[in-house]
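Naming convention: chains lettered A, B, ... in sequence-line order (proteins, then strands); numbering from 1 in each chain.
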There are 2 protein chains.
Amino acid sequence: MANAEARPTLADVAAHAGVSKSLVSLVMRDEPGAGPETRRRVLQAADQLGYHPDSRARLLRSGRSRLLGVVFGIQHAFHLDLVTALYTAARDRGYELALSAVTPDRDEAEATAGMLQDRCEALIMCGPRTPAAELAKLAARLPVIVLARNVRVTDVIRTADDEGLRQAVEYLNGLGHQRIAHIDGGRAPGAADRRRGYREAMAAHSLDTHNRIIEGGLSEEDGAAAARRLLDEGDRPTAITVFNDRSATGVLDVLTRAGLRVPEDISVVGYDDSHLARLAHINLTTIAQDTTEMTRLAVDRAIARIDGSELTNRALIVAPQLIIRGTTAPPAA
Amino acid sequence: MANAEARPTLADVAAHAGVSKSLVSLVMRDEPGAGPETRRRVLQAADQLGYHPDSRARLLRSGRSRLLGVVFGIQHAFHLDLVTALYTAARDRGYELALSAVTPDRDEAEATAGMLQDRCEALIMCGPRTPAAELAKLAARLPVIVLARNVRVTDVIRTADDEGLRQAVEYLNGLGHQRIAHIDGGRAPGAADRRRGYREAMAAHSLDTHNRIIEGGLSEEDGAAAARRLLDEGDRPTAITVFNDRSATGVLDVLTRAGLRVPEDISVVGYDDSHLARLAHINLTTIAQDTTEMTRLAVDRAIARIDGSELTNRALIVAPQLIIRGTTAPPAA
DNA sequence: TCGTATGACTGGAACGTTCCAGGGCCAACT
DNA sequence: AGTTGGCCCTGGAACGTTCCAGTCATACGA
């Protein structure tokens, strides 16, 4: 349909309104310098011709795109929450987002390469698994902001993940739990910090002897598998902290199917406060990452780098927050 | 970092390699017309200067972007599956994707407007809720392909949703079920067709008297709420067909918590075969929408429109397929 | 009355590509 | 020997904007 021949250009509108291209350009951008009557006439002409400015030419000439590239994993619930928040953070600062998804069939390298083509002014990467050396190379080409992963070569915005697990353990211990296990995230970004936080908190409350870390991962299946292993091994803990919400839903499922009641028989704490956790029928106690704050910082930092300010502080660390919902309770007496 | 002053251009590379801009252009595009030795020298120069072509200029000049815009809901598991498949379908045809997400804070109009600014050659919309009149206006500006919704004003690729529910009912009836309920999708795209399919299939198997449609929706919460209502009402069905997988997980959760075993006590069939359904611990019998085929068709159709072929057939309908997993079994004796 | 400031407008040069028409040059035909 | 036809390669004109330096009135202060 609608192959309306060539798209109209500034020149067409100019001719139609009997003014110069420059003037039309001014009017289209809502800049001062045109009389009200002319302005009206130009706008009318543009409307009549169905003119829409060509962003390619506009960007080429003005040199700026006001576009932030975002690389995220389409499978990761938490990344989706980040993207959601990034949209509003970027809009507040007058920027747009260009998304590039990592899928099972499209790896991070490809997703990143796609963005570079597009002339974004900065790149925001959600929990990237790209090696630090590669990230450094990227950062040499344009400002790179890494979200939710701890790395030294670029700007980083992340949650104090160790602190998050400390809060979880402390809260559970406060409820009376002692045998607290941790299903970890394996090699996922953030997993190491959360593991350490768990260990330190257990030690701080003299629960070392109950330390129990089960290897997990970031997907539902990882959580389910870990939970099955935990049940098989016997000596069941009374509470479990899980690497993330997604994995925790897998854990919950296995526990329920095994006939255990949550939280009466066993408590579960997730991580991320992704929208999964908030669903009424999951209603998961979890450690919230403050996506609003994180994305705001990420966008601000990106813009600061774009503007060329020399910044020293490369890592911004956001405080986590325990969200108490329905999957935790004191241990059975 | 790395504010390497102005980024190098074709001209810089040309000067550095001692050839003309045009030649560098050829080499960068991997076109024939350059000797192997010169080619090598040019590539080396480009690499040395860290040259990367500017896509804005490239697009401006060549008039094409080979870019397909995609509007999708970041909350919809099935849309994410579609996006995943679209990436590969587009790549196979030499196109790239530009994503624009609908979020709770960014409505479809905004997401669409964002795409129009951009240089995409066609727009693919996943289950859009935009009124038909608006879609028609859009379609006047550029080719629009609608996925997974039934509408008359644009090209449409969708699953035969009524047929999908027919398959579900037939299969359940074959297992021996008679009291088969349907938790519907309310006003969501596709819901009406699935409802109709359910009714027709029940009638076809003389199960009219057991017709039972519970109002649902597309989220987990909708499913959970509907399931609770169903249980409260008594006269429990032996099988439930649900509008989509996402809602079905909510249903499953409520059933399990109510102490019912799935599939021994009650069977559940989802819809979409989104990755949710495939998770080992959900393992949901479901009606698959063939995302691979749908996205392939969508991309092909988009390209055909871009190329200006006059096509008559505006709706392509893809066959659904029953995927039997672990949530269905014959009713208890 | 003259300069000069102000506002409305214009013309043309960028921006970094791609595309087109052609210019040498050499080998292979007539 | 002269023509032909490939190859490599070059120069310059687009593409549709924005930006800059002006022009030309008109109005204003002295």
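- If you take CZ of B:Arg64 and P of D:dC15, they are 18 Å apart, rounded to a whole angstrom.
- D:dT17 atom P lies 14 Å from atom CG of A:Leu23, rounded to whole Å.
- No donor-acceptor contact under 3.5 angstrom links the side chains of B:Arg58 and B:Ser62, judged on distance only.
- Contact annotation: B:Ser62 side-chain N/O to C:dT18 OP1/OP2 distance is not under 4.0 Å.
- In this structure, B:Ile157 CD1 and B:Gln289 CD are separated by 12.5 Å, a value rounded to the nearest 0.5 Å.
- For the pair B:Arg58 and C:dT18, the criterion of a side-chain N or O lying under 4.0 Å from OP1 or OP2 is met.
- Between the side chain of B:Lys21 and the base of C:dT17 there is at least one donor-acceptor pair of N/O atoms closer than 3.5 Å.
- Contact annotation for B:Pro53: backbone-only contact, meaning every heavy-atom pair under 4.0 Å involves sugar-phosphate atoms and none involves a base.
- Each of A:Leu26 and B:Thr9 has a nearest nucleotide on DNA chain C; the 5'-most of these lies closest to A:Leu26.
- Looking at heavy atoms from C-beta onward, B:Asp105 lies out of side-chain contact with A:Tyr87 at the 4.5 angstrom threshold.
- Distance from the side chain of B:Val19 is smallest to D:dT10 among C:dT10, D:dT10, D:dG16.
- The residue B:Arg56 sits apart from the nucleic acid: no heavy atom pair falls under 4.0 Å.
- Remark: the A:Arg7 side chain and the A:His52 side chain contain no N/O donor-acceptor pair separated by less than 3.5 Å.
- Contact check on B:Arg305 versus B:Asp300 returns no salt bridge, with no Lys/Arg side-chain nitrogen under 4.0 Å from an Asp/Glu carboxylate oxygen.
- In this model, the phosphate group of C:dC19 is not approached by any side-chain N or O of B:Arg61 to a distance below 4.0 Å at OP1 or OP2.
- Taking for each of A:Leu10 and B:Pro36 the nucleotide of DNA chain D with the nearest heavy atom, the 5'-most of the two is the partner of B:Pro36.
- Between B:Arg29 and C:dC19 there is a side-chain polar atom (N or O) within less than 4.0 angstrom of OP1 or OP2.
- Between the side chain of B:Ser20 and the base of D:dG11, no donor-acceptor pair under 3.5 Å is found.
- Note on B:Thr38: only backbone sugar-phosphate atoms sit closer than 4.0 angstrom, heavy atoms only; bases stay farther off.
- Distances shorter than 4.0 Å separate none of the side-chain N or O atoms of B:Ser22 from OP1 or OP2 on D:dT10.
- The separation between B:Glu37 atom CD and D:dC7 atom C1' is 16 Å, rounded to whole Å.
- Remark: C1' of C:dT17 and CG of A:Leu60 are 8 Å apart, rounded to the nearest angstrom.
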